[in-house]
Amino acid sequence: MHKNKENKVLDTKLDAVSKSLKQSIKNLDSYTHVRGESLYVDDVNIRQGTFHAVVFDSPKAHGKIKSIDYSKAEALDGVERIFTYKDVPGKNEIGGIIPDEPLFAEHEVHFWGMPIALIVAESEFIARKARDLIDIDIEELPVITTAQEAKAKGSFINAPRSFSLGDTQKAFQDCEYVFEGETFSNGQEHLYIEAQGSYAEPLENGNIKVTSSTQGPTSVQKTIAQVLGVAMHKIEVDVTRLGGGFGGKEDQATPWAVMAALATYHLNQSVKLILNRHDDLRMTGKRHPYESTYKIGLSKDLKILAYQTEFLQNSGAAADLSPAIAERTLFHATNSYYVPNVTTKVLSCKTNLPPNTAFRGFGGPQGMFVIESAIAKAASEIGVSARQIQEANLLDENDTFSYGQIAKKVEAKNTWNSAKNIFNSDALEQEVSDFNKNNTAFKKGVSFMPITFGISFTNTPMNHARALVHIYLDGSIGISTAAVEMGQGVNTKMMQIAADVFSVSIEHIKIETTNTTRVANTSPSAASSTADLNGKATLMACNSLLERLKIVAAEDLNVSENNIILKEEYVFVNDNKTELSWTDLISSAMLKRVALTENAHYATPEIHFDKTKEKGHPFAYHVYGTAITTTTIDCTRGTYEFDSIKIVHDYGKSMSEGIDLGQVEGALIQGMGWMTMEEIAYNDEGKLLSNALSTYKIPDIFSVPKSVEVIPVETNGHELAILKSKAVGEPPLMYGIGAYFALQNAIKAFNPNYDLKFHAPMTPEKVLMSLYS
Ligand code: LUZ
Ligand code: MOS
């Protein structure tokens, strides 16, 4: 497990990015974003003669295909060809973890929106018109839309998983209090601004280049090769940036890229396939809804002694990433608490919904919602505040997680206590209680939400990345990695690393597109790990180049290389600036025939996990934090506002404070949307009802909290985080869970008889009903 000796020395050279750079750096993309010049798939300069494609999908959630008549569609002027499973030269199979998902339906359909055919025409308009002319006859079969129903019918994706620590059954017998209950958390639509899309173009010798809006260029390449029955080297996948991913493009960008490539393969012509919003909403999976049951046992002094859950994950009609997401639910089932006796179990239930998929947090938020519900229930029954139970059980140094990892460098209590002190939460709680005494039409609620999130792909072999760094002969630098820029600012972070190592200004550095011919065999940009993995590889490559350049400088200046420092684009000897500039140094290296290109590979050291025992050390480190949420509800209408969210967050040593703050704020609001307003609805026939922005509400400028404060907790960071700057993409989403419980507390202040229900999202309609029930 300790193969990467090189990794260990990485961070010793660079303790932190220079203060001025980390504070002044703007997201690289802000200039082109604001001017509308940023390029997405739809902006690719298409070749003359390019065809446009539209997907024909199932109008039923489950059934046997009796017949399909394409003749009228094919006869339409401008329609080039319609492709079905019969046109697949390789395997009609796109499942990543389990091979259970055809690219095109063959004889049966398993969800409403399941792709059946690809219509290729001179324009998208014609292809859409043709789609309306296809007649399909489906013999309907019973439709399952909920996880409970699937469980009752024994419909599963794979075998259940279970983690356990201590002796849960025995521990329940020693508990002063034991409570049981059930919870539901709904799915969530990714609603990336850029819908799914791809553009395929034929190169010579049957090679194909695909531009895709994907978080995972390698899995797109691999799947195209598998479906076309060609070798991977014939397929090149290129990504400039995504207009948002949020997990929705970790696996589910693939089918559209494969379809475009398939059409290009047959037609030897470029093909563009971009889903419009309705098609995207209908055909793609979402965050998994979970139906869960819990049992929690506490001692007299409010220690959680035993905890048991069964999570029913609504996986949809195929595995997609569901098994990995289910696993992460178990990893985060006890959130920020130490529970000595735990038994958790998750069942991935196969239903007739579109295959649900990765979504920021990856099953973690669903697990954390359940234990927070269990704590709220226990608090309400015992007659204490949930905060007291939370506080009594916060994770400590050297506590054991249910999966065997020993907690190290724990910041759970630190962030909690810091939040209490910095934000004077006692006074805040007093204010809320005074407000509630003096007001009847409006009530306030406050909640605490601690988070603990494990950083690394839970699937250990995925934790690696590479970087390819060129220094051009004029001193400018080009960097390629596996990192996909999707708005999270990873390119800016990569640029900072190079700027810091070489001490050159960022104008000298370009971050190239993510391309499978430059950086191969990559993991998707996911699991909050993109900056860590690709950043470490970039750091290694830059450091190797730096060592080489120091030798050149030492020769040129006739001093020892140990005395050489690069600073402000000049070579310094023992802190004295020399005449040798960065560009002169590069020219000199060229004349000396020194390699100015470096490729580095980074694989996270120390991590491991044994699935046969469900024990190990899967995470490089954890990210911690605490949020205090205050809300005011209008008890006449059930509507509410969030007065404030006060967060103490563990960034480690943030390398880009502006970018990281953006991630915390965005994730928080996305989490609050999931918990309070975003309501996915399917009818009993499996048809998506929330199929447009008029029927699916996400947070807008009017629903964000009146104030959001984020204070970094002072920690030393972690060596396995890039420059000790901890991963920040996913963890803060779970602060949003606090919104649910703040609302619940406000409801209780109005209606003491309110029987707690854990059924998210807590929409204004539900708040209103709860006030008067
Ligand atoms: N994707 C994945 C993820 O493949 N494995 C993970 O552990 C993960 N975690 C969070 C988000 N995406
Ligand atoms: Mo993910 S949920 O693509 O990190």
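Note that the structure is a prediction, hence the values are computed from the model and not measured. Note that ligands are numbered from 1 as they come in the structure, with each ligand's atoms numbered from 1 the same way.
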Parallel, tilted or perpendicular, as decided by the 30° and 60° cut-offs, for the rings of [Y] and [X]:
X	Y	result
Phe331	Phe163	perpendicular
Phe619	His332	tilted
Tyr290	Phe311	perpendicular
Tyr403	Phe401	parallel

Considering the heavy atoms of [X], write down every atom of ligand 2 situated less than 4.0 Å from one of them.
X	answer
Ala527	1 (Mo), 4 (O)
Phe359	2 (S)
Gly247	1 (Mo), 2 (S), 3 (O)
Glu730	2 (S), 4 (O)
Phe362	2 (S)

Judged by modelled atom types alone, do [X] and [Y] share a side-chain donor-acceptor pair under 3.5 Å?
X	Y	value
Asp610	Thr612	yes
Ser315	His288	no
Asp251	Thr357	no

**Asked** Any chance the rings of Phe184 and His759 have centres within less than 6.0 Å?
**Response**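 Here the rings of His759 and Phe184 have centres that are less than 6.0 Å from each other.
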**Message:** Heavy-atom contacts with ligand 1 below 4.0 Å: which residues, ordered by chain and residue number?
**Reply:**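 The 4.0 Å shell around ligand 1 contains Glu250, Arg328, Phe362, Phe457, Thr458, Met462, Ala526, Ala527, Glu730.
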**Request:** Tell me which one of His190, Gln488, Arg360 gets a heavy atom nearest to atom 2 (S) of ligand 2.
**Result:**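 Residue with the shortest heavy-atom distance to the ligand atom: Arg360.
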**Prompt:** Which residue owns the protein heavy atom closest to atom 1 (Mo) of ligand 2, what's the atom, and how far is it?
**Reply:**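 The closest heavy atom on the protein side is Glu250 OE1, 3.3 Å.
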**Request:** With Lys409 as the cation and Tyr621 as the aromatic partner, state whether NZ or CZ is under 6.0 Å from the six-membered ring centre and within 45° of the axis.
**Result:**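 Ring-cation test returns no.
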**Prompt:** Is the NZ or CZ atom of Arg466 both under 6.0 Å from the centre of the six-membered ring of Tyr602 and within 45° of that ring's axis?
**Reply:**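 Judged by the rule, Arg466 and Tyr602 form no cation-pi pair.
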**Prompt:** Taking distance alone, with no angle check, do Gln215 and ligand 2 share an N/O pair under 3.5 Å?
**Reply:**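 Yes - when backbone and side-chain N and O of Gln215 are compared with those of ligand 2, one distance drops under 3.5 Å.
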